[in-house]
Amino acid sequence: MTDLTNIRVRFAPSPTGYLHIGGLRTALFNYLFARHNNGKFILRIEDTDQQRKVEGAVENLIKTLKSIGLEYDEGPEIGGEYGPYFQSQRLDIYKKYIEQLLSQGDAYYAFETAEEIEEMRKLQIEQGAAQAMYDRSARNLTKEQVEEKIKQGIPYVIRLKVPQNSEVSFNDLIRGTVTIDTNLVDDQVLMKSDGYPTYHFANVIDDHLMQITHVIRGEEWLTSVPKHILLYKALGWEASLMAHVPLILNPDRTKLSKRQGDVATEDFLRKGYLPDALVNFIALLGWNPGEGENKEIFSLEELVKLFTIERVQTSGAVFNLEKLNWMNAEYIKNYDMNKLAELAFPIMENAGFDITDREKVKRVVFAVRTYINKLDEIPVQAERYYKSNIELNEMQKEMLSSDSSKRVFESLSNKLNGFNVITTESFKPLLNEVQKETGIKGKNLFMPVRLALTGEEHGPELGLVAYVLGKDEVERRIKMFLNM
RNA sequence: GGCGCAUUGGUGUAAUUGGUUAACACGCCGCCCUCUCAAGGCGGAAAGUACGGGUUCGAUCCCCGUAUGCGCUACCA
């Protein structure tokens, strides 16, 4: 029996460049499941495709996982008892087990080239076959024929001998029992001609050797489970428990793709989605805490506490950017100011702002946080606090040169003398005094000040604006219009 | 085409072992707050649970069929 007191799960991406948001959710579910059950979360790199290898992809993957906050217990860089955690470094292990399968007669050599297979498929489809697949002809090769071909140096693959006229059935933790007819299962290639294993083979060997108790992965793997079950059986092993999570979809319900927006976790982070918000949002795509739970904002810790595999949904979930934006805005509004500022500095700098006055940047972030959905919107909002010239249209100029505006500026300017530092709280009473002194109130009081300070008719409350600009700058801008 | 999986408002989801005016959130609309814009508060429209059959006193929930969608069908993962 699988040892359920010692739960081990893995996230096993192939390093093809970036961390797909669907992959991130798979990683998250694995992580939550592991932490919830006091188990181990393992990162394994499935780099068996030499063609698709991308330079730096692994480093990027690890970095992204880290910035999201999903720490793994075993894997690249940190090691562990069951390494190596790169499949490309486990070739001798696969070789050993493929030998076993070969000698047991559960696998066999096949010498067709990729082109020949392609041709075979085409022909089958033309002839109206229900399903095109390898014709299993190499099963009939004699031992002598095989040895002869190998001696001649003809390239070969090793295929799984799928039993015919049978059924494979397994229990998916999310979907229940799934049954598939083995006549529809191809004699899958286990070892490619370049000596690397295929996913199907390596995955089974590694999951067993690494003592993975639960395989939690995307739905796209569901129909290949029989191949894996057959392998476990042939090797005399017990299969891991399986859970296939639903896909994340585009608004048109096709599989989430690049064409319809961002799919790379890195892109979301770069645009200023907070890691916590991303995690929160994605956790709720295909999972929910169930009855009696109305809130939607959950920290990673809370998710760990609440997460169970049984509550994972069975159908695909559309990635709703609007809701992500709302959730991210919620996080931005309530986030720790220091942490928020840290995230904002590089964004401001990249946008061309001078960030040497970090305190000012912080004040800016504080002022704009209720206005933005994501951090890359800060620069646009920050503009008004950094411009040295106020540009106005004719109507606005007229308003500022009016008699009442002048009186407001004059009064305000005088009152400002008594101040060293303007705070959000102290500016409002100041304007009240101006109102008392001049008798000007409402729009006629506030709008001139707003225009003078920002050049805009809309924006945050004036106390906030004044606080961010600082006393000197407020004074400078007011005087500028007083003397206009 | 074959096989597999799925199907509750536009979207994400809820609904104790079949009995609810089918709940919550995003979005949308309106009102309030207010110098403005956001934020916030309050309220509203929006599904009778894909469709058609069963089973049952009663079905979103169980069974069958159809439709639709998605996935798989590689010496890719």
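Residue numbers begin at 1 in each chain, while the letters A, B, ... track the order of the sequences. Computed over heavy atoms, backbone and side chain alike; hydrogens, waters and symmetry mates excluded.
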>> Students often get this wrong, so: under 4.0 angstrom with heavy atoms, is A/G218 touching a base, only sugar-phosphate, or nothing?
In response: nothing

> Atom CG of A/N288 and atom P of B/rC26: how far apart are they, to the nearest Å?
Replying inline: 16 Å

> Roughly how many Å is it from CG in A/L247 to P in B/rG12, rounded to a whole number?
Replying inline: 13 Å

> Say you pick atom P in B/rG65 and the same atom in B/rC5; how far apart are they, in whole Å?
Replying inline: 12 Å

> When we call it a touch if two heavy atoms are under 4.0 Å apart, what does A/A114 touch: a base, just sugar-phosphate, or nothing?
Replying inline: base

> Which of the following nucleotides, B/rC70, B/rA77, B/rA25, is nearest to the side chain of A/S14?
Replying inline: B/rA77

>> Under 4.0 Å, counting only non-hydrogen atoms across every strand here, what does A/R311 touch: a base, just sugar-phosphate, or nothing?
In response: sugar-phosphate

>> Applying a 4.0 Å non-hydrogen cut-off, can you work out what A/E46 is touching in the nucleic acid: base, sugar-phosphate, or nothing?
In response: sugar-phosphate

> Over how many whole Å does the gap from A/K295 atom NZ to B/rG12 atom C1' extend?
Replying inline: 18 Å

> Going through the checks in order, is the side chain to side chain donor-acceptor pair (under 3.5 Å) test met by A/S224 and A/Q188?
Replying inline: CA-CA 10 Å; A/S224 41; A/Q188 182 64 48; over 6 Å; no

> Where the side chain of A/E296 is defined as all heavy atoms beyond and including C-beta, which of B/rG12, B/rC75, B/rC70 is the nearest nucleotide?
Replying inline: B/rG12

>> Can you identify which nucleotide, out of B/rA74, B/rA39, B/rU7, has its nearest atom closest to the A/Q188 side chain?
In response: B/rA74

> Which nucleotide in the set B/rG2, B/rC75, B/rC35 lies at the smallest distance from any side-chain heavy atom of A/L184?
Replying inline: B/rG2

> Whole-Å distance between B/rC35 P and A/L412 CG?
Replying inline: 17 Å

>> Need one value for A/T16: base, sugar-phosphate or nothing, where a base atom within 4.0 Å counts as base even if backbone is also close, heavy atoms only.
In response: nothing

>> Under 4.0 Å, counting only non-hydrogen atoms across every strand here, what does A/V318 touch: a base, just sugar-phosphate, or nothing?
In response: sugar-phosphate

> Given that A/T370 and A/S315 both sit by RNA chain B, which one's nearest nucleotide is further toward the 5' end?
Replying inline: A/S315

> Using a cut-off of 4.0 Å on non-hydrogen atoms, how would the nucleic acid contact of A/T223 be classed: base, sugar-phosphate, or nothing?
Replying inline: base

> Should the pair A/F319 and A/F268 be assigned to parallel (<30°), tilted (30 to 60°) or perpendicular (>60°) ring geometry?
Replying inline: tilted

> What do you reckon, are the aromatic ring centroids of A/Y196 and A/Y94 less than 6.0 Å apart?
Replying inline: no

>> If the test is side-chain contact (heavy atoms from CB on, under 4.5 Å), which one of A/N203, A/L160, A/I205 qualifies with A/L231?
In response: A/L160

> Do the ring planes of A/Y156 and A/Y109 sit parallel (below 30°), tilted (30 to 60°) or perpendicular (above 60°)?
Replying inline: perpendicular

> Separation of A/L284 atom CG from B/rC24 atom C1', in whole Å?
Replying inline: 11 Å

>> Go nucleotide by nucleotide along RNA chain B from the 5' end; which of A/R450 and A/P13 gets its closest nucleotide reached first?
In response: A/R450

>> Of the listed nucleotides (B/rC35, B/rC3, B/rA77), which one gets closest to any side-chain atom of A/F446?
In response: B/rC35

>> Can you tell me which nucleotide in B/rA14, B/rC75, B/rG4 comes closest to the side chain of A/E219?
In response: B/rG4

> Where does the angle between the aromatic ring planes of A/H200 and A/H228 fall among parallel (under 30°), tilted (30 to 60°) and perpendicular (over 60°)?
Replying inline: tilted

> Hey, mind stepping through A/Y273 and A/N373 against side chain to side chain donor-acceptor pair (under 3.5 Å) and telling me if it holds?
Replying inline: CA-CA 8 Å; A/Y273 289 96; A/N373 286 328; over 6 Å; no

>> Can you identify which nucleotide, out of B/rC75, B/rG12, B/rA77, has its nearest atom closest to the A/R159 side chain?
In response: B/rC75

> Is A/S193 side chain donor-acceptor paired with the B/rC75 base, going by distance under 3.5 Å alone?
Replying inline: yes

> Just one of A/D206, A/D47, A/D49 clears the side chain to side chain donor-acceptor pair (under 3.5 Å) bar with A/Q87, so which one?
Replying inline: A/D206

> Given atom CG of A/N183 and atom C1' of B/rG2, what is their separation to the nearest angstrom?
Replying inline: 13 Å

>> Between B/rC37 and A/Y371, counting only base atoms on the nucleotide and side-chain atoms on the residue, is there a donor-acceptor pair under 3.5 Å?
In response: yes

>> By nearest atom, which of the nucleotides B/rA6, B/rC24, B/rA39 is closest to the A/R175 side chain?
In response: B/rA6

>> Please list, in numerical order, the residues of residues 323-330 of chain A that have a heavy atom closer than 4.0 Å to any atom of RNA chain B.
In response: A/K323, A/W326, A/E330

> Does A/F366 CZ have over 12 foreign heavy atoms under 6.0 Å away?
Replying inline: no

> What integer distance in Å separates A/K227:NZ from B/rC75:C1'?
Replying inline: 12 Å

>> Let's test your reading of the pairing rules: Watson-Crick or G-U wobble, both distances under 3.5 Å, then write RNA chain B as a dot-bracket string with ( ), [ ], | and dots.
In response: (((((((..((((.....[...)))).(((((.......))))).....(((((..]....))))))))))))....

> Can you tell which of A/R159, A/K227, A/R139, A/K161 makes a salt bridge (Lys or Arg N to Asp or Glu O under 4.0 Å) with A/D187?
Replying inline: A/R139

>> At 4.0 Å (heavy atoms only), tell me whether A/I125 reaches a base, stays on the sugar-phosphate, or touches nothing.
In response: nothing

> Between A/F409 and A/F481, what is the ring plane arrangement, given parallel below 30°, perpendicular above 60°, and tilted in between?
Replying inline: tilted

> Rounded to the nearest Å, what distance is computed from the CG atom of residue A/D187 to the C1' atom of nucleotide B/rA74?
Replying inline: 14 Å

>> Distance alone, cut at 3.5 Å: any donor-acceptor contact between the side chains of A/E266 and A/T64?
In response: yes

> Under 4.0 angstrom, heavy atoms only, what part of the nucleic acid is A/K441 near: base, sugar-phosphate, or nothing?
Replying inline: nothing

> Which value, in whole Å, describes the distance between the C1' atoms of nucleotides B/rA14 and B/rU73?
Replying inline: 36 Å

>> If you only use heavy atoms from C-beta on, which nucleotide in B/rC35, B/rA14, B/rC75 is closest to the side chain of A/E461?
In response: B/rC35

> Where the side chain of A/R52 is defined as all heavy atoms beyond and including C-beta, which of B/rC24, B/rA14, B/rC76 is the nearest nucleotide?
Replying inline: B/rC76

